[in-house]
Structure formats: structure tokens, C-alpha cells
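Chain A is the first sequence line, chain B the second, and so forth, proteins listed ahead of strands; every chain is numbered from 1. Hydrogens, waters and symmetry mates are skipped; everything else that's a heavy atom, side chains included, is used.
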Amino acid sequence: MQVLDGLTARIPAGVSSLVGPSGSGKSTVLRLLNRLADPDSGAVRYRGEDVRDVDALGLRREVMLVPQQPALLEGTVADNVEFAASLAGRSVSEAGVEALLGHAGLDPSFADRDGLRLSVGEKQRAMLARALALEPRVLLLDEPTSALDGEARDAIEATIAMLASELDVSIVLVTHDIEQARRLASWIVRVEAGHSIGEGCAEELLRA
Amino acid sequence: MTVGIDLSLGQVAASLVLVLIAVAISRRSHADLEADMGIAVLRSFVQLTAIGYVIQVIFDDGSLALVLALLVVMVGFGTLTARGRARKVPSPTLPLLVALSIAAVSTVGLVVALGIFEPEARYLVPVGGMVIGNAMTASAVALNRLGDEFTQAAPQIEATLALGATASQASRPQVRNALRSGTIALVDSTKTTGLIFFPGTMVGMLLAGAEPIDAVRLQLILLWVLLGAVAISALVSTTLAYRGFFTDAQQLRDPPPP
């Protein structure tokens, strides 16, 4: 099945957003960016280098995808965070876990909670904390608020803004919600039916 | 221990009486077991009779080359049968072939090396057949489960890959579950052996007039060899087969639906 066709886009550092209706291929772009999939033709470049020429595992730790469907491993939230850190050969202290939970907007008490018994919004935050344990340079967030109500959505959006400004993490946000892209992103790529139909600074592009 | 038991074909046929009763009950209660039971009886008769003649030829000939050929054929059939249960696994044939071969070679090699059996067809054929059969079942169950686990846990596996985990790290829980389900039946039957279940070798030896303690010793050897060989075959088949779900770039070949 062909999902993307002749899509060309440039994504600068900072907060960018891929905006488009569901099924337009936005999630597939994220999967190409951290090599969970490869394009049949064409290339994906990260910092000027074809992603197929770099070590896939190293790339994924640097350009990290947080998928739309939260999928934690069995165990507590702390277990999940520690597992992620261990992949890079690091260990995290209890205080370290709590700090990561804080960055993801979770209370320290979540460390000992069973990851599989959280609400969807809490799981998404735990996924984010787990990803942050690897200190990525780029976070690829796939519809991080699609399953959330207004209040939870505002909280995640505040977290995203904080990550970009305080931790200096670049963010690529996939969303179907143009308003959300406008609130968070400084660069926007509009995707429709597998094509890019425009990219630019948020104000310019969305004014048009 | 070679006390002769002479059986006529009539006696063999008469032993079907319980099956006939079961068929009658099945018909009355519309349980639809008749056809399957009929096929099972027919196939067991044809297959066992055929293998009986084959083994007779091999025993009479006494050559180890024929024994080896028979074991190779058993491994081949075992691989094909188990492959049918592993439909969701991308390329199951080689893992199964390697697993069953290792089980057969290690078991037969061990019982000969330890001097438990002489390297003769009379011993190697039944021991080899028993191990290959059990290894086939365990590997088939394990790979069947592995396929289900990968289908069900694809989102979790991919989310773990996205953290920079290797294929092996990302699928560890699924491989472990598959391995457990492949070996649990034999582990459980080994645990309860002698309490609620008498294993076949012991039953056969007792029926043939052997001393109980001899029957027990041989049974223990076979149980333990079997347990080890079956666990190894489940381990080898799952360890080789899980790789088929991933590309060289540690991507899932069959990613979860969006």
C-alpha cells in the first residue's frame, strides 16, 4: 500500500508540526524519521545525512518516536523508565525517575504505579517520561492529545512547550488539529493524501 | 525384559470397543466427534503398521545407516507438521529443522555416550522417535504462540524498538511466553509423573514383565533426557524464529496497523 507519494519537506530545529487529516501519511513520516520504516524510493536526511547510513539504534535514541498508541511494558512506570535508560547503558536514580516524571507532567507517586493500569493520558505521559530518560535531541510526537479531553490536552501542550524551551529538545508534532499546531509550532508542514501541500512559518502558512 | 506378548489382530480390533462406545455417545449428543475419531483410528492403524514393517526391516538389517535415514525422515516430517502450526511466523522451516535435528542428535548421542543403550537400531529408533515427536510438539506450540504474541504485541514491540532497543530486547517478553507455552506441558507431566500419570516406557516395561525398579530407572533417564531435549528444541526454534519478524535494520516486517 502506498502511503506517501513524492512528499518533500524540510523540518527545522525547534517545534514543528505535520498537520493533515487522518490517513494522510503523517504518522508514516514519523516512522521514516526514526527508521521504523524505510521509503521504497527517495531519502530521509537527518542533519544532512541519509538515515540509512547511520546506525538505526543510535538514530532512534536521538530522534525518538512516542507513538500514538501508548504501549508500555509490564511493570511499574519506574520499571519502564529504568528499562529505557538501560538501553543506553545508563541507570537512573529514584530522584532521576521523579525528575523525568516531572518533565512529563506526572506526580512522583506515579513511579510505583502499574503502567498497564493507567488512564490513556497518564500512559502517554509515562511514555514521554520513558523517552526523556534517553535524553533525545528530537522528539517525534504522534497525536499526543488525540484521546484526551480539553483539560488533559492543555496539560500535555504545556508540557510540550516546556520541553522545547527548557530542555532544548526539538519536537515534531503530528496532529490533525490545525489550532493545536498554531498554538505550539513555529514551523508547519501540511500533508494531504501522501503529499506535502505547503510548508512554512506557522503565522504565514496558516494565514493563507 | 523381552517377555513375549502375542497379540492377534482380533484382539487389536476388539480394543476399539471403547472408541465405539464413545462414538455412540458422540452421535447421541451431536458432539460431532465421530469423523475425527474415525480418522484418528484409521491413521494410527495405517501409520503404525507401516512404521512397524519399516522398523522390522531396519532391525533385521541392523545397519546404523538405515537408522540414521529413518531419523532424518522423522525430522523432516516433524518439521513439515510443526510448520503447519506456525503459519504466522515469517520463515519457520529452518528454525524447526535445526531445533528438531539438535534434539535428535543430542539425545541419541547422549544415551549412547553414557552407555545407557548400545548403538543398535532396537534402542535408537524408539528413543529418537520419541524425542523427535515431543520436540516437534513443543516447537510447534512455541512457534504458534510466538506468532500470536507478535500479532497481539506489535504496538508494544514497535514502541520499544522506537526507544532504540534491539529486536531481541524489544521482543523478549513475547519470546519468553512462547518458550514457556512450548515446554509447560512436558514440565507439568514430568512434575506429576508417578502420581497421576504413568509414562509410556514404564508402562511398556511393566506390561512386558520387567522389575519395577528397572522400569523406573530407565524411565527416569528417558524423562530427563526428553525434558532437556524438548526444552532445547523449543529454545532453539523460538530463538531462531523471532528474527524472521524483523528486518536487518531492526524494523518489524509487519508493523502494527495505524
Residues, nucleotides or ligands: over 12 heavy atoms within 6.0 Å of [X] [atom1]:
{"X": "A:Asp50", "atom1": "CG", "value": "yes"}
{"X": "B:Arg217", "atom1": "CZ", "value": "no"}
{"X": "A:Arg117", "atom1": "CZ", "value": "no"}
{"X": "A:Asp154", "atom1": "CG", "value": "yes"}
{"X": "A:Glu143", "atom1": "CD", "value": "yes"}
{"X": "B:Asp248", "atom1": "CG", "value": "no"}
{"X": "A:Glu49", "atom1": "CD", "value": "yes"}
{"X": "A:Glu74", "atom1": "CD", "value": "no"}

Working to the nearest 0.5 Å, report the span between CG of A:Leu73 and CD of B:Gln156.
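Between atom CG of A:Leu73 and atom CD of B:Gln156 there are 5.0 Å.
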Does B:Gln250 use its side chain to pair, donor to acceptor, with the backbone of A:Ala56 at less than 3.5 Å?
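No; judged by distance alone, with no hydrogens or angles, the pair does not exist.
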Contact summary for [X] and [Y], nearest pair of heavy atoms:
{"X": "A:Leu87", "Y": "B:Gln169", "result": "CD2-OE1, 3.2 Å"}
{"X": "A:Arg130", "Y": "B:Thr160", "result": "NH2-N, 4.4 Å"}
{"X": "B:Ala159", "Y": "A:Pro67", "result": "CB-CG, 3.8 Å"}
{"X": "B:Ala249", "Y": "A:Arg35", "result": "CB-NH2, 3.4 Å"}

Chain B shares the most heavy-atom pairs under 4.5 Å, among A:Ala133, A:Ala37, A:Gly23, with A:Ala37
Segment of B:Thr166 engaging chain A (4.5 angstrom heavy-atom cut-off)
both
Between B:Glu158 and A:Arg31, is a side-chain contact (heavy atoms from CB on, under 4.5 Å) present by the stated rule, with each step listed?
CA-CA 10 Å; B:Glu158 189 159 79; A:Arg31 290 163 48 79; 2.3 Å; yes
Among A:Arg60, A:Arg61, A:Met127, A:Met64, which residue satisfies the side chain to side chain contact (heavy atoms under 4.5 Å, CB included) criterion with B:Leu163?
A:Met64
In terms of heavy-atom pairs under 4.5 Å, which option from B:Ala162, B:Pro173, B:Pro256 contacts chain A the most?
B:Ala162
Stepwise, does the side-chain contact (heavy atoms from CB on, under 4.5 Å) test hold for B:Leu161 with A:Leu36?
CA-CA 8 Å; B:Leu161 286 177; A:Leu36 283 174; 3.8 Å; yes
Donor-acceptor contacts, no H, no angles, side chain residues 82-100 of chain B, under 3.5 Å, sequence neighbours left out:
from, atom 1, to, atom 2, distance (Å)
B:Arg83, NH1, B:Thr93, OG1, 3.4
B:Arg87, NE, B:Gly84, O, 3.3
B:Lys88, NZ, B:Asp148, OD1, 2.6

With a 4.5 angstrom heavy-atom cut-off, could you sort out which part of A:Asn80 is near chain B: side chain, backbone, both or neither?
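Interface part for A:Asn80: neither.
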